[in-house]
Every structure is written in structure tokens, then in C-alpha cells.
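Just so it is clear: chains get the letters A, B, ... in the order the sequence lines come, proteins before strands, and each one is counted from 1. As the structure is a prediction and not an experimental result, all values here were calculated from the model.
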Amino acid sequence: MSDWYSMNVVLIQTTLTTLLLALSIQVPIRFGVFSFAGVGAFGIGGYTAAIAMVHLGWTTWPSVALGAVISGIVVFALGLLVQRLTGLYMGMATIAFTLIISVLAVNGGELTGGAGGLYGALGEIDTGHILAILAVVVAVLVWTETKGMGRRIDTVREDPELANSVGIDVVKYRLASFALSGVIGGLAGGITTLLRSTITPAEVNFHLVIVALTAIIVGGARSWLGAFIGAVIFVWLPTMISFVQEWEKVVYGFIVAVAAIYLPNGVLGVVKDLIHRFRTRQERARLAVLQEKG
Amino acid sequence: MQDLLNVASLGSIYLLFALGMALVWGTIGILNFAHGATFMFSAFVGHLVTSETELPFLAVVLVAVLVGAAIAALTQLLAFQPILKRSKNQHAAEMRILIGGIGVAAIPLAIAQHQTRSSPFGFRSSYEAEVLEIFGLRLSTTSAVVIVAGLAIGIGLTVWVRRSRRGLALRAIGVDAETAAGMGVNRTLLAFGTMATAGALAGLAGALLTFQLGAIAPETGDQLLIKAFAIIVLGGLGSMAGTVIGAYVLAGAETLVLNLNYGTWVDAVSFGLIFLILLARPQGLLGRKEVRRT
Amino acid sequence: MLEVSDLHVSYGPVRAVHGVSLSASAGRVTLVLGANGAGKTTSLRAIAGFHKPDSGSVRFDGRDITGTAAHKVVRRGMVLVPEGRKIFLPLTVEENLRIGGYTAPRGSIEHSIDEVYEKFPILAERRHSPAGLLSGGEQQMLAFGRALMSKPKLMLMDEPSMGLAPTMVERVLSSVRTMADAGIGILMVEQNAEAGLRIADTVAVVSRGETVWTGTALEARDGKAIVHAMLGEAALDGA
Amino acid sequence: MGGAARKRRTLLAGLAVSAVLATVACGGGAAGDSGGGGIEKTIKIAQVQDQTGPIAYAGLGASEGAELAIEEIEKQGFLGDGVKIELQKLDTAGEIERASSEMNKAMGDRDVDAIIGPAATQQAATVAPLVGRQKVPTVFTQAGGEGVVINDYTFRVTPPMESYYEQVLEYLKDKGAKTISVLYNATFPTFSLLGEKGVPKMAKERGIDIVQSLPVQMTTQDFAGQSQQIAKKNPDALVMLLIAPQSVTALRQLKEAGYDNQIVATSVQAAGNIEAAGANANGLVYPVPFSTAMDGESSQAFTKAFRAKFDKDPDPYAADGYDAMWFIARAIKASGDSSREGIRKGLAQVAKEGFTGAMGGLTFEGNDARVDGALVQWQDGKETLAQ
């Protein structure tokens with residue numbers, strides 16, 4: 001077991017950081033805000049953490065924390081600016097924000113290391129640390145998914161006018177989703193960077209947006225659990241299908257397309273369906289037994 | 001003056017690529033992420049064919065147009081149509097269409113990368129670009145063709161969508177697909193035709209741009225995709241005229257930045273511009289006010 | 001002209017309609033009454049081809065059209081004026097009419113548009129403005145006009161008076177009568193039973209997914225007690 | 001810190017288990033993995049490089065070169081009779097994450113004695129600290145950026161571009177060039193370094209004026225504007241530092257803009273990447289660490305053997321793989337020990353002395369290779385040594 005662990009520790013850690021990144025995109029979508037600023041936050045958090053370590057000589061966790069705080073603030077400020085936008089217009093504006101972050105990094109001179117990026121920022125992070133941080137993040141998200149809070153957020157997403165009329169401050173909820181997405185994205189960026197020891201502008205790109213989006217849609221967009229399933233699938237899929245060798249990417253594309261067609265609510269939806277069906281069958285069986293007895 | 005000509009040339013490149021994407025997205029509401037791959041693969045097949053036998057200009061274009069139409073038609077038939085059929089409404093389908101497109105796009109990309117080892121490819125054609133010199137301005141014949149084709153098709157499509165019976169039906173589908181069906185519009189067939197047309201446009205763009213640039217790489221399509229996305233949002237979704245204007249505005253902004261010799265800031269400036277325009281006019285330059293929620 | 005018998009329709013596991021039978025004929029207004037959720041709208045949509053029925057049959061003009069897709073049903077001469085009017089708001093008034101005439105021969109379109117403008121002069125005045133700027137009543141006129149563009153033999157109407165001011169209700173329903181008098185068959189679902197009964201020829205009452213009573217409008221008006229029982233108090237408020 | 005200690009413990013536990021497994025599997029102690037001394041009968045080398053994706057050409061080329069080297073090593077009995085080398089290819093697919101997980105897999109496999117590491121700087125810089133921690137000797141090819149050769153376990157056989165770019169400026173000086181323009185992709189690390197620091201410094205030393213410096217981005221696809229600006233200034237030569245597809249377009253548009261003077265480029269143009277430019281590329285000069293046109297004996301021998309085995313011309317990436325594999329083989333012979341530690345010691349020793357390979361004479365600065373390289377000229381689909 002521990003042999004397996006040491007062989008796959010990178011994949012395990014990558015799964016966790018990918019989950020954080022996916023969550024930073026999923027949170028605003030659950031609030032009805034089509035924002036990809038989480039990927040920009042990933043860049044800000046990563047760069048901030050690397051700069052704090054390389055230039056300021058900070059230790060691991062203060063660097064990560066600084067990254068999370070700064071990206072939280074920046075993305076919140078972005079939220080104030082773009083909150084009026086809807087739908088894909090919001091999507092475009094936040095993608096523009098993300099790409100601008102990348103250009104800033106290219107032109108950041110000594111501070112950001114220019115096109116070559118920053119290297120040598122190797123933090124002291126192990127799987128336990130990431131799990132602990134993730135536990136806190138997930139706990140917060142579970143709270144936003146359950147009972148009253150969950151229903152209020154669903155209303156904000158599905159029917160903002162209704163939400164306003166029943167006294168839910170839609171604007172406040174949406175801004176909160178920006179801040180939350182910024183902090184989570186910043187954490188993802190900081191941890192990923194200090195695990196790898198490097199960050200370059202080329203990483204903070206449209207491709208990362210696609211990775212995160214694909215993970216949550218295929219996994220399930222409405223719950224953190226869906227994002228988790230998506231992260232597991234997309235991090236482990238390449239190793240699972242590496243036997244097809246050079247056609248790996250073809251198989252990958254095929255699997256993504258098939259998932260989009262046949263899994264309307266993602267893998268999580270299928271699992272929930274199966275559980276539901278199983279329960280109803282049990283229920284029916286129980287009723288049948290009762291009726292026979294009666 | 002020469003700069004204006006360059007803007008016209010670059011803008012027409014963007015426009016040719018963006019038109020097909022704008023047509024399907026703005027009317028039948030399909031944001032096709034496989035458009036870049038369709039574009040690239042049409043040119044790639046052109047490359048394969050011309051490496052067997054040398055072909056004249058028009059023949060290469062024809063091959064690419066047919067391949068583009070075929071890929072898009074297949075995408076619609078095998079991916080998007082099943083998704084639409086399995087979705088309760090357009091809103092639920094949108095995300096899945098996006099992801100489905102991403103999956104589909106991975107397949108031709110992987111094939112082309114594998115075949116070319118990602119080196120750039122061009123055409124072997126009897127056509128040789130010549131440079132025209134008029135009043136001291138230099139313009140290659142290919143650029144001239146690209147400018148004329150871009151403008152002609154852009155204006156043609158604008159007029160067609162605005163004036164023709166099918167164009168009207170397409171716009172009606174864009175507003176409310178079900179009610180349009182109630183008026184006798186065969187949505188499936190029209191969507192299929194529109195996708196094939198958009199694919200043909202992608203193929204045309206693929207052939208013309210490969211002639212214009214000399215060669216493209218398998219990844220070129222992805223880079224254009226994000227620009228096209230920006231152009232359509234900039235111009236206003238659903239407005240073909242907006243797309244035409246958006247393409248030249250983006251090209252103008254980029255050329256301006258390049259001429260001031262801030263080459264590394266090009267993306268920041270063009271996306272910053274889009275950001276600002278969205279803030280000032282959330283529906284894009286010529287977009288309609290009500291934008292469907294996504 | 002239209003014979004619907006023993007229609008069954010379900011949404012996934014929910015059986016919305018189980019046993020609706022209706023008929024309509026040229027020049028007559030058939031009013032479908034029933035409480036909210038009785039299955040009226042579902043029946044109409046199934047007849048027009050927006051839902052596939054589980055069983056039962058829809059015969060129109062002597063042909064079985066059960067389960068025929070909506071865009072084909074229009075070509076047969078039957079058109080639905082949907083609940084909430086569903087005008088294409090960003091399109092202009094005239095564009096809305098043109099899309100209504102999508103199935104008509106191209107040569108006849110201009111003439112049909114003129115006819116609609118004659119019937120509803122208000123539309124002619126606003127022909128080039130976006131339909132979204134029209135008032136509720138004007139939008140209902142436009143919905144009628146749009147449906148007329150396909151030269152229908154039968155119009156299905158789902159709550160034409162919904163959300164309109166009382167004076168507007170009168171005008172809308174009287175134009176329904178006019179259309180029927182011109183020879184078009186009308187099958188109309190209407191919550192406002194009192195106003196509906198004034199222009200109807202025949203009445204069908206649907207309750208909990210089944211047709212429970214049919215008769216003439218006269219019988220329905222006289223037999224208020226029966227209808228009352230079927231519909232519950234709310235529906236005939238003020239009657 | 002606590003976390004690090006825990007990690008070390010987990011790791012040790014992992015190592016212990018795998019050591020036991022290895023012992024059991026080999027029927028007792030034949031395969032020592034930590035300084036047991038001696039050369040094993042089967043030496044396993046993992047090649048963790050792109051086999052698919054946008055830079056697959058580097059990994060695929062290196063695979064071919066390495067296979068050729070293995071064939072020669074085994075045929076010669078270079079490491080003793082019957083000693084086999086097993087090459088395990090692990091695909092990084094152009095992704096940093098994949099690179100680090102595949103590296104981890106290779107490092108976790110105790111049978112792997114040495115690794116040929118990722119060719120992209122970003123991937124290499126990410127895994128470099130890890131191989132230092134896990135003490136697995138790793139030879140990188142390409143990966144010309146900073147942060148790659150950073151500890152005793154990291155080596156690199158491809159010289160960084162700026163180390164052999166001097167000859168380009170020397171060539172231009174010899175040709176009598178007084179003014180040059182620089183057109184460079186500033187978002188590509190190697191080119192931004194060379195364009196902003198390297199070339200200006202080299203030009204200044206030779207009294208050449210840079211009249212224009214035009215940075216572009218990775219996403220730039222149209223060079224009409226820049227071409228016209230360059231044609232207007234009409235410098236004696238143009239230094240063009242662009243990625244493969246950009247180069248093809250720029251060459252065409254420069255010609256169209258009427259610029260006909262000398263253009264010099266980079267090794268990116270090698271491996272047939274410039275073929276798509278057709279006649280527009282004629283006369284283009286660029287430096288390469290390896291070319292089939294190179295007239296050195298060892299280079300010629302490599303080219304000949306490669307053609308015989310694969311029925312095509314070797315590209316510089318094949319030369320990388322070939323030299324990397326020979327580097328490792330020489331290291332094993334030098335230390336007489338095919339364990340990880342033995343190979344590391346051997347690599348350091350061979351690096352001190354240098355050796356002759358496909359790229360000609362390789363010398364090392366620390367663990368980082370330097371070669372003279374060659375300046376080649378492209379003419380009608382063929383490279384010839386630039387005169």
C-alpha cells in the first residue's frame with residue numbers, strides 16, 4: 001500500500017490541487033455567476049506564493065496564505081467591477097482577466113521572472129497538509145450546500161428576481177462567491193506552485209479554464225463531490241488509458257464527448273440515480289413483504 | 001495607410017475564422033469549441049492531399065471547405081444533436097455542448113499532432129502569392145483574397161441572416177426554439193445545415209489562412225478560438241454585423257500596440273479593451289439587450 | 001375536423017393526461033375548461049406535436065397525426081397559439097408575422113401580411129418596431145396574426161386572455177369569435193370561464209387528466225351547477 | 001518540519017517494502033540498488049519525455065537516438081558481454097503534472113537505474129528538485145532554461161542555445177553586417193533571454209548595431225506589420241527568434257514586404273520545421289548543436305548508423321537521445337557500478353573529462369554540456385554548413 005502511495009504520491013497530490021482549482025470555478029457557477037476568475041486567482045496565488053518565498057525568503061505556509069488572501073481580494077474587487085454582466089459576457093470578462101494576469105506575469109521583470117517564470121520555490125508540503133486545507137474548504141462548501149443556505153443559493157442561481165423578492169440580497173451572495181472563488185483559486189495556485197517549485201506565465205491560460213470546467217461538468221456541477229469525482233477522473237484517466245499509447249488523446253477526447261452526451265448530470269448524477277433506484281427497490285420490496293404479511 | 005491595410009488583412013483573418021462560430025452560436029445557440037479543430041483539420045487534410053499531388057488554389061480551398069463541412073456535420077450529428085435530444089431545454093444543453101465540443105476537438109488535434117509531430121504544415125500548390133504594389137502600398141495577392149473573402153462573406157452573412165427566410169427562422173430559433181418549431185421550422189434540419197455551413201466556413205478559413213500564413217501548426221486553431229470568442233462577445237452575440245466590426249476592432253487594437261512596439265502587451269491590451277467595452281456596454285457593441293442566461 | 005380520443009401523456013414518471021377526448025370543427029369555438037393542473041395545456045401541446053402521447057389517437061382532417069412533430073403539424077393546417085403568447089420579442093412585428101408564414105408558399109406572404117394588418121390595424125402601425133415594445137394585448141393580437149399567417153384550418157389557443165386587462169380580454173375574445181366566424185376551427189383553453197363561455201359553441205371539461213363532460217355552451221351555461229362541481233369554486237368566481 | 005519528517009518516514013517505509021520486493025523478485029540480492037557495486041546484467045533506463053502532444057518531436061526523436069545507442073552499446077559489449085539495456089518510455093504528453101507523476105513512477109521503480117528527463121524546461125525544472133531528493137541520476141535533453149541543472153543528480157547533454165549562439169554573430173560580423181534587427185517571441189523563455197540579453201551583448205562586443213528590437217507573443221500569427229517595419233529600416237541582417245509556425249509565416253511576410261537581406265534564426269528551424277516555408281527559407285542561416293551536414297567523424301558516423309537503422313535523416317533530438325544514452329553508458333563503465341549512486345558518480349566523472357558524441361566534442365560546465373555546434377544554411381530542403 002505505501003509502495004503504491006509513494007509511486008503515486010504526485011498523482012494523489014495533483015488530484016487534490018486539481019479539485020481545489022475545479023472548486024474555484026464551481027463555486028461561482030453554483031451561485032449563478034459564470035466566472036472563470038478562479039483560474040486568474042490560481043495565477044495570482046501561485047505567483048504571490050513564489051515571490052514571497054523566492055524574493056522575501058518567507059516559509060511555505062505564510063507564502064501560501066498571502067497568495068490566498070491577495071487573490072481573494074483581487075477577485076472580489078473584480079466582482080465589484082463586473083457584477084452587472086450576465087451569462088457568457090461574464091465568462092468572457094473573467095477569461096480576459098485571467099489572460100491579462102498571464103501577460104502581467106510575462107512583463108513583470110525580475111519580480112515574476114518574465115517569460116521564464118519563477119523557479120526554486122520548493123515548499124514543504126505533503127499530502128496531509130493539502131488534505132487538511134481541503135477539509136476546511138470542503139467543510140465551508142458543504143455548509144453552502146445544505147439546508148437553508150443551499151436552498152438560498154439555489155434560488156439566487158435559478159431565479160434571482162424571486163430571491164430578491166424574498167429578501168435574499170443577490171448582489172451580496174454573488175460577491176461572496178467571487179471572494180470565495182478567489183481564495184480557493186489562490187490556495188490551489190499557491191500549493192501547486194510550491195509543490196512543483198516553479199510557475200510560468202504559460203500555465204495561467206485558457207487551457208487551465210478548460211481543464212477545470214471539464215472536470216466539474218463531467219463530475220457533476222452542483223456539488224463539491226462532483227468536482228472531486230471530476231478531478232479524480234481527469235487526473236487518473238491518462239494513466240488508466242496509457243496502454244493505447246499514442247492514441248491516448250483521441251481516447252480522452254472520445255470519453256469526454258461521450259460523458260457530455262450521456263451523463264447530463266455528470267458522474268455524480270448517475271451515482272445518485274443508482275442509489276435512488278436501489279433505495280426505491282428496497283422500499284418496494286419492504287412494502288411487498290409488509291403487504292404479504294398483512 | 002499601410003497600417004490600415006495590415007489591420008484589414010489581420011482583421012479579415014480573424015473574421016473568416018470567427019464567422020462560422022458566430023453563426024451557430026448567435027442563432028442556434030451552439031458554442032462550438034471544436035471550431036478551431038475543424039479549421040485546423042480541414043487545412044491538414046488539404047496538406048495531406050497536396051503532398052500527394054500538387055493542386056491549384058481553388059482545388060485546395062474546395063477540399064478544405066468540404067472537409068470542414070463534413071467534420072461539423074458529423075459533430076452535430078454524433079455529439080450536439082444527441083445532447084440536445086437528451087436535454088430538457090437549451091439552457092441545460094449549453095454547458096454539455098461546450099464540453100462535448102472540447103471532447104470532439106481533442107480527437108482531430110491528437111491525430112494531426114501525431115502525424116506531423118507538431119511541426120507546421122502548408123500546401124504544395126501551383127499557386128504562388130505575388131506582391132501587388134499600388135501607390136507605394138504592398139499587399140500580397142493572398143491578403144487581397146483574404147480581405148475580399150472576409151468582407152464579402154461577413155457582409156453576405158449579415159444580410160442573409162437579416163433578410164432571408166431561413167435567416168429569420170434561425171434568429172427565431174435563437175430566441176425561442178420551441179415556438180419556432182410551432183411555426184413550422186424544422187429545427188434539427190436547420191441546425192444541421194447551419195453547422196455544416198459553419199464547418200464549410202471553418203474549412204475556407206483554414207485553406208485561406210494557410211495560404212496567407214504559409215503554414216499553420218496543429219495548435220493554431222486553439223489560439224484563434226479564444227480570439228474568435230472575444231470578437232463575438234465584443235461585437236455582441238447574435239449580431240453578424242457585430243462580429244464583422246469586432247474582428248476589425250480587435251485587429252486594430254493589436255496592430256496599434258505592435259506598432260508602438262509593446263509586442264508583449266498585445267493580449268493584455270486587446271483583452272483589456274474587451275473588458276472595458278463589456279463594462280460600458282454589457283451586451284457587446286451591437287448585441288441585443290436580452291441575453292439568454294447561461 | 002379534429003378528433004382526439006383517449007389521449008394519454010406523461011412527463012417521465014408523472015402521468016399528466018390519461019383519457020382526454022376532444023373534438024373541434026370548422027367555424028366553431030370549442031372551449032376546454034378545467035382547474036389548474038387538470039392537463040389542459042399538456043393535451044393541447046400533445047395535439048400540436050410538442051409531446052409524444054403514450055397512447056390514444058389524434059385525427060385531423062381525416063388523417064391520423066398522432067405523435068407527428070410540431071413543425072410538420074403546422075403544414076397540415078393546425079397551429080398552436082401558445083400559453084404566454086411566446087412572441088419573438090427581439091424581432092420586429094413584421095418579422096414575427098413572416099416567421100408565422102414560414103410554411104406558406106412564398107408568393108402569398110405579402111398578401112397574408114396585408115390581411116393580418118387589415119384585421120389588426122394596430123400591428124400595421126408598429127410593423128417595424130421590436131415586438132417586445134408592444135403591450136400585452138397587442139402581443140396577443142400579434143400571436144393571432146402570426147398564427148393566421150400559416151393559413152390554418154384549426155387554431156389551438158392556450159389561455160389567450162391571460163394577464164390582460166378586462167377591456168382587453170373582451171377585445172381579444174371577440175377577435176377569436178371573428179376568426180371562427182371566418183371559418184377557422186378553434187380549440188381554446190381558457191381560465192376565464194365566464195368570458196370564454198360567451199363566445200364558445202361547445203364545451204369540454206377536463207379534470208385530473210380526463211375529459212369528464214362535453215356539451216354545448218348553452219348547456220354549460222345553464223348547467224352551471226354541474227360545471228361548478230367539476231371546476232371548484234375558484235374557477236367561476238363572480239359568475 | 002513535522003510534515004517533512006513524516007514524508008521521509010513514509011518514503012523510507014516505501015523504500016523498505018520495495019527493496020524487500022526487489023530482493024524477493026530477483027531470488028536474492030543480485031540487484032543491489034544502493035552502492036552494491038558491479039554492473040547488472042540488465043540495466044533499466046527510463047525515458048520520461050513527451051511522446052505525444054505539442055512537443056512530441058523532441059521525445060520521439062530522442063527515443064530513436066537512444067535506441068540506436070543501446071543497439072551499439074550492446075553489440076560492442078561496451079559494458080561487458082551480455083549486458084542488456086532496457087529503455088522504458090514514459091509519456092509526459094506536454095503536461096507538467098504528467099511529467100512529475102511519470103517521473104515519480106520511474107523513481108519509485110527500484111529497477112530504474114537512471115532517467116533521461118523531460119525536454120521542456122518547465123517540466124524539467126519541476127522534476128529537478130525531486131530527483132535530487134530521491135537521488136536518481138537524471139540526464140535532461142533540450143530543457144534549455146534555468147532551474148534545470150541544480151543539484152548533483154541533474155545533468156544536461158543539450159547545450160543551452162545562448163552557449164553556441166555566439167557563432168551567429170561572429171558569422172554576421174564576418175559577412176560585414178553593421179546593423180541588425182531582432183524579431184523575437186518574448187513569451188518563449190529561451191528566446192526572451194536571448195533576444196533581450198544574449199544577442200544585444202554579443203552584438204555590442206562585435207560592434208554591430210541593433211537598430212530595432214521587436215518582441216511578439218506566443219499567440220502572434222501575423223507578422224505583416226513587423227515585416228514592413230523591418231523592411232523600412234532595412235538592416236544588414238535580421239535575427240529571428242520565433243517558434244516553428246511563426247517562423248514560416250514571418251519568412252513569407254518578410255519576403256512579401258521586400259526584405260531580402262540575410263536572416264539568421266535558431267535551432268528550432270532544424271528537424272525539417274522550416275520545410276513548410278518552401279523557397280522563402282532559402283539562404284536562412286541558423287546554429288544547431290547537431291546537423292547531418294556536420295563533418296566531424298563522430299557526427300558522420302552517427303548520421304550513417306541512424307540512416308541505416310531508421311531509413312531517414314537524424315534530427316538534433318535524435319542526437320540528444322543518442323548522446324544522453326552514451327553519456328550514461330560511459331558513466332557506468334567509468335564507475336564500474338550500475339547502481340543509481342554509481343551512475344551519478346560516473347556521470348560526474350565523464351562530465352569532467354568530456355566525451356565525443358553525435359554532437360561532436362562535448363565538454364561540460366559542471367553538469368551542463370557545451371558543444372561547438374555548427375552553423376548551417378538552408379537551401380532547397382537541405383542543410384549545408386554555412387560558409
Side-chain angles (χ1 to χ4, degrees), chain A residues 29 32 34 78 81-82 84-104 106-107 114-115 157-158 160 201 205-207 209-211 213-218 221 245-266, chain B residues 25 31 33-34 37 75 78-80 82-83 85-88 92-111 113-114 222-223 225-226 229-230 232-234 237 262 264-275 278-279 282-284 287 291-294:
Chain A
I29 289 181
F34 209 59
L78 173 76
L81 212 58
V82 300
R84 228 151 51 87
L85 298 180
T86 53
L88 281 167
Y89 291 88
M90 169 73 87
M92 190 62 233
T94 51
I95 286 177
F97 162 78
T98 298
L99 295 177
I100 290 170
I101 298 285
S102 162
V103 177
L104 288 178
V106 171
N107 293 287
R157 177 186 64 243
E158 297 295 339
N205 61 10
F206 193 52
H207 179 71
V209 173
I210 288 184
V211 168
L213 193 62
T214 318
I216 59 172
I217 300 297
V218 172
Q245 292 186 356
E246 67 250 46
W247 302 113
E248 185 191 308
K249 283 272 157 62
V250 175
V251 176
Y252 167 88
F254 188 73
I255 291 176
V256 171
V258 167
I261 298 169
Y262 294 103
L263 309 179
N265 297 312
Chain B
W25 188 14
L31 175 49
F33 259 66
T75 309
L78 300 178
F80 296 161
I83 290 176
K85 213 159 130 196
R86 279 159 216 276
S87 303
K88 272 187 226 95
E94 248 158 11
M95 264 307 185
R96 293 167 60 204
I97 283 178
L98 213 124
I99 301 296
I102 291 171
V104 168
I107 297 169
L109 179 65
I111 294 173
Q113 280 182 339
H114 182 248
D222 292 344
Q223 289 167 5
L225 194 70
I226 176 78
F229 191 30
I232 295 168
V233 173
L234 181 64
L237 180 57
Y262 288 107
T264 50
W265 289 94
V266 167
D267 280 353
V269 171
S270 50
F271 287 109
L273 176 81
I274 287 159
F275 197 83
L278 285 181
L279 286 184
Q283 72 275 28
V291 184
R292 280 173 306 116
R293 281 191 58 216
T294 44

Does any N or O in the side chain of B/Arg86 come within less than 3.5 Å of the main-chain N or O of A/Tyr262, such that one atom is a donor and the other an acceptor? no

4.5 Å side-chain heavy-atom contact, B/Asp222 and A/Phe206: no

Shortest non-hydrogen separation from A/Ala260 to B/Ile83 and the atoms involved: O-CG1, 3.9 Å

For a quick test of reading the model, state the closest non-hydrogen atom pair linking A/Gly253 to B/Ala106 and the distance between them. CA-CB, 3.7 Å

Assess the residue pair A/Ile29 and B/Met95 against the criterion (side-chain contact (heavy atoms from CB on, under 4.5 Å)); give the C-alpha distance rounded to whole Å, side-chain angles, the decisive distance to 0.1 Å, and a yes or no. CA-CA 11 Å; A/Ile29 289 181; B/Met95 264 307 185; 3.9 Å; yes

Please classify the contact between A/Leu81 and chain B as side chain, backbone, both or neither, with a heavy-atom cut-off of under 4.5 Å. both

Under 4.5 Å from any heavy atom of chain B - which part of A/Val218: side chain

CE-CD1 distance between A/Met92 and B/Ile274, expressed to the nearest 0.5 angstrom: 5.0 Å

Kindly state each residue pair satisfying salt bridge (Lys or Arg N to Asp or Glu O under 4.0 Å) with at least one member in residues 250-265 of chain A, sequence neighbours excluded. none

Highest number of heavy-atom pairs under 4.5 Å with chain A: which of B/Leu109, B/Leu279, B/Val266? B/Leu279

Gap between atom CD1 of A/Ile217 and atom CG of B/Leu98 - 0.5 Å precision: 8.0 Å

Can you tell me which portion of A/Ile216 sits under 4.5 Å from chain B's heavy atoms? Options are side chain, backbone, both or neither. neither

Region of A/Ile261 in contact with chain B, defined by heavy-atom distances below 4.5 Å: both

Quick one, B/Thr264 and A/Val103 - any side-chain contact, counting heavy atoms below 4.5 Å? no

B/Gly100 versus A/Ala257, closest heavy-atom pair with distance: O-CB, 4.1 Å

Just give me the residue among A/Asn107, A/Leu99, A/Val251, A/Thr94 that pairs up with chain B most often, heavy atom to heavy atom, under 4.5 Å. A/Asn107

Looking at chain A, which one of B/Leu78, B/Asp267, B/Ile99 has the largest number of heavy-atom pairs inside 4.5 Å, strictly under? B/Ile99

Taken to the nearest 0.5 Å, the spacing of B/Phe271 CZ from A/Ile101 CD1 works out to 13.5 Å

Measure the NZ-CD1 distance between A/Lys249 and B/Ile111 for me, rounded to the nearest 0.5 Å. 13.5 Å

Nearest-0.5 Å distance that lies between atom CD1 in B/Ile226 and atom CD1 in A/Ile95: 5.0 Å

Segment of A/Ile255 engaging chain B (4.5 angstrom heavy-atom cut-off): neither

Rounded to the nearest 0.5 Å, what separates atom CD1 in A/Ile210 from atom CZ in B/Phe33? 5.0 Å

Would you check if B/Trp265 and A/Val106 make a side-chain contact, meaning some heavy-atom pair closer than 4.5 Å? no

Proximal component of B/Leu31, with respect to chain A [non-hydrogen, under 4.5 Å]: side chain

